[in-house]
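Since the structure comes first, as structure tokens, the remarks are kept for the end.
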Amino acid sequence: MPTIPPLVITDEERAELQRRVRAHTTPQRAAKRARIVLLAADGLPNRQIAPLVGMNEHTVAQWRRRYEAEGLAGLQDRKRSGRPLVYDHDQRLRIVATVTQEPPDPASHWSHSQLAKALADMGISASQIGRILADLDIKPHRVRSWITRPDDPGFWERAADICGLYLVPPTNALVLSVDEKTGIGARSRTRPTQPVAPGRPARQEHEYVRHGTAILLAALDVHGGGIFQATDLDRNTATNFMTSWTRWTPRSLPSWTSTWCWTTAPRTSPATPAGGLWPTPASTPTTPPPTPPG
């Protein structure tokens with residue numbers, strides 16, 4: 001039987017092929033092609049090389065011929081035939097530039113159909129725009145929010161005071177955390193809700209009647225777990241806040257010599273910025289809140 005002569009390769013080519021075979025970052029297809037050439041250079045026939053590299057004999061012969069004709073460049077993937085890109089790089093940039101602008105009022109974000117209308121001169125469809133945006137990993141319908149905290153030099157000092165009240169409260173002092181909820185809509189359905197029945201879900205009237213708004217002011221006893229509330233406020237003012245506070249203290253806290261309050265309601269805190277620490281007017285604390293350890 002006639003035998004194929006061994007491939008002739010230079011020392012530099014052999015070193016490069018061996019490097020591709022040994023490298024962990026080399027793709028499997030590239031490593032197999034390099035191994036085919038090395039085995040062929042050692043004089044092995046195609047029928048023996050095929051089981052060693054996990055390919056059929058025809059494929060081994062193909063890569064052998066390509067290397068013999070083109071060298072190392074013949075082991076690279078060739079451009080495949082197919083439909084050329086309809087929308088080139090500049091047109092894709094135009095899509096990105098449009099989707100990163102403010103959407104037309106009153107839309108909150110760009111939809112694929114709106115983008116197609118805005119780019120009607122390109123003749124692009126909404127589905128094609130969706131595929132291009134998905135390929136670029138651009139999702140105009142998703143929004144992620146963040147909070148910008150004001151650069152307050154006294155923030156950490158107040159934070160240490162609050163932590164001290166929670167961890168090591170002053171002697172004979174009550175620590176209350178106060179917050180407010182304003183503008184609570186008081187509404188009711190125009191007709192009673194019908195209960196669930198066999199084969200029918202509960203039915204609820206869509207229309208409702210407004211009964212104005214309500215204001216809720218509440219305080220939590222940090223260490224005792226008690227809750228104090230005021231729901232009979234007509235307006236959210238500092239005067240109403242202090243009136244409710246003076247009603248709570250004598251009735252519920254007769255044994256305490258001082259009370260400390262932490263509030264996040266800036267409109268109801270008397271002469272206190274947003275988030276403040278202050279004693280109640282009816283008491284004068286003898287010792288300030290300690291700073292927590294560490």
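Predicted model only: the values in this text are computed from it and were never measured.
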Quiz prompt | Reported CE-to-CD1 distance for the pair M55 and I36, which is rounded to 0.5 angstrom | solution = 4.5 Å
Quiz item: Counting only N and O atoms by type, is there a donor-acceptor contact under 3.5 Å from the side chain of R187 to the main-chain atoms of V209?
Solution: no
Sequence neighbours left out, cut at 3.5 Å: what donor-acceptor pairs do the side chains of residues 100-107 make with other protein atoms?
unit_1: T100; atom_1: OG1; unit_2: V96; atom_2: O; d: 2.9
unit_1: T100; atom_1: OG1; unit_2: A97; atom_2: O; d: 3.1

Exercise. Verify whether one side chain among H112 and S127 offers a donor that lies under 3.5 Å from an acceptor in the other.
Key: no
Quiz item: Applying salt bridge (Lys or Arg N to Asp or Glu O under 4.0 Å), which residue pairs with at least one partner in residues 109-125 are found, sequence neighbours left out?
Solution: R94-D121
Quiz item: Can you list the residues that meet the salt bridge (Lys or Arg N to Asp or Glu O under 4.0 Å) rule with D135, with sequence neighbours excluded?
Solution: R92
Quiz prompt | Residues that S111 engages under side-chain contact (heavy atoms from CB on, under 4.5 Å), provided they are two or more places apart | solution = S113, Q114
Exercise. Give me the other members of the hydrophobic cluster that L93 sits in, counting Ile, Leu, Val, Met, Phe, Trp and Tyr linked by side-chain heavy atoms under 4.5 Å, directly or via other members.
Key: none
Quiz prompt | Contacts of R20 that satisfy side-chain contact (heavy atoms from CB on, under 4.5 Å) - sequence neighbours left out | solution = E16, T26, A34, L72, L75, Q76
Quiz prompt | Nearest-0.5 Å distance, CD1 of residue I124 to OH of residue Y87 | solution = 4.5 Å
Quiz item: Apart from L220 itself, what residues make up its hydrophobic cluster when side-chain heavy atoms of I, L, V, M, F, W and Y under 4.5 Å apart count as a link, directly or indirectly?
Solution: I227
Quiz item: Taking ILVMFWY side chains as joined if any heavy atoms are under 4.5 angstrom apart, and letting links pass through other members, which residues group with L216?
Solution: I184
Pair up each side-chain donor or acceptor in residues 194-203 with any protein partner under 3.5 Å, not counting sequence neighbours, and list the distances.
unit_1: R200; atom_1: NH2; unit_2: P195; atom_2: O; d: 3.2

Exercise. To the nearest 0.5 Å, tell me how far D179 CG sits from L217 CG.
Key: 8.5 Å
Quiz item: Of all residues at least two apart in sequence or in a different chain, which pass the side-chain contact (heavy atoms from CB on, under 4.5 Å) check with P6?
Solution: none
Quiz prompt | Those residues that, when tested against D42, pass side-chain contact (heavy atoms from CB on, under 4.5 Å) (two or more places apart) | solution = R14, L44
Quiz item: Is it true that atom CD of E70 has more than 12 heavy atoms of other residues, nucleotides or ligands lying nearer than 6.0 Å?
Solution: yes
Quiz item: Cut-off 3.5 Å, side chains only: do E13 and Y67 have a donor facing an acceptor?
Solution: yes
Practice problem: Quick one: name the residues clustered hydrophobically with F155, using the 4.5 Å side-chain heavy-atom rule over I, L, V, M, F, W, Y, and just say none if it's on its own. | Solution: W156
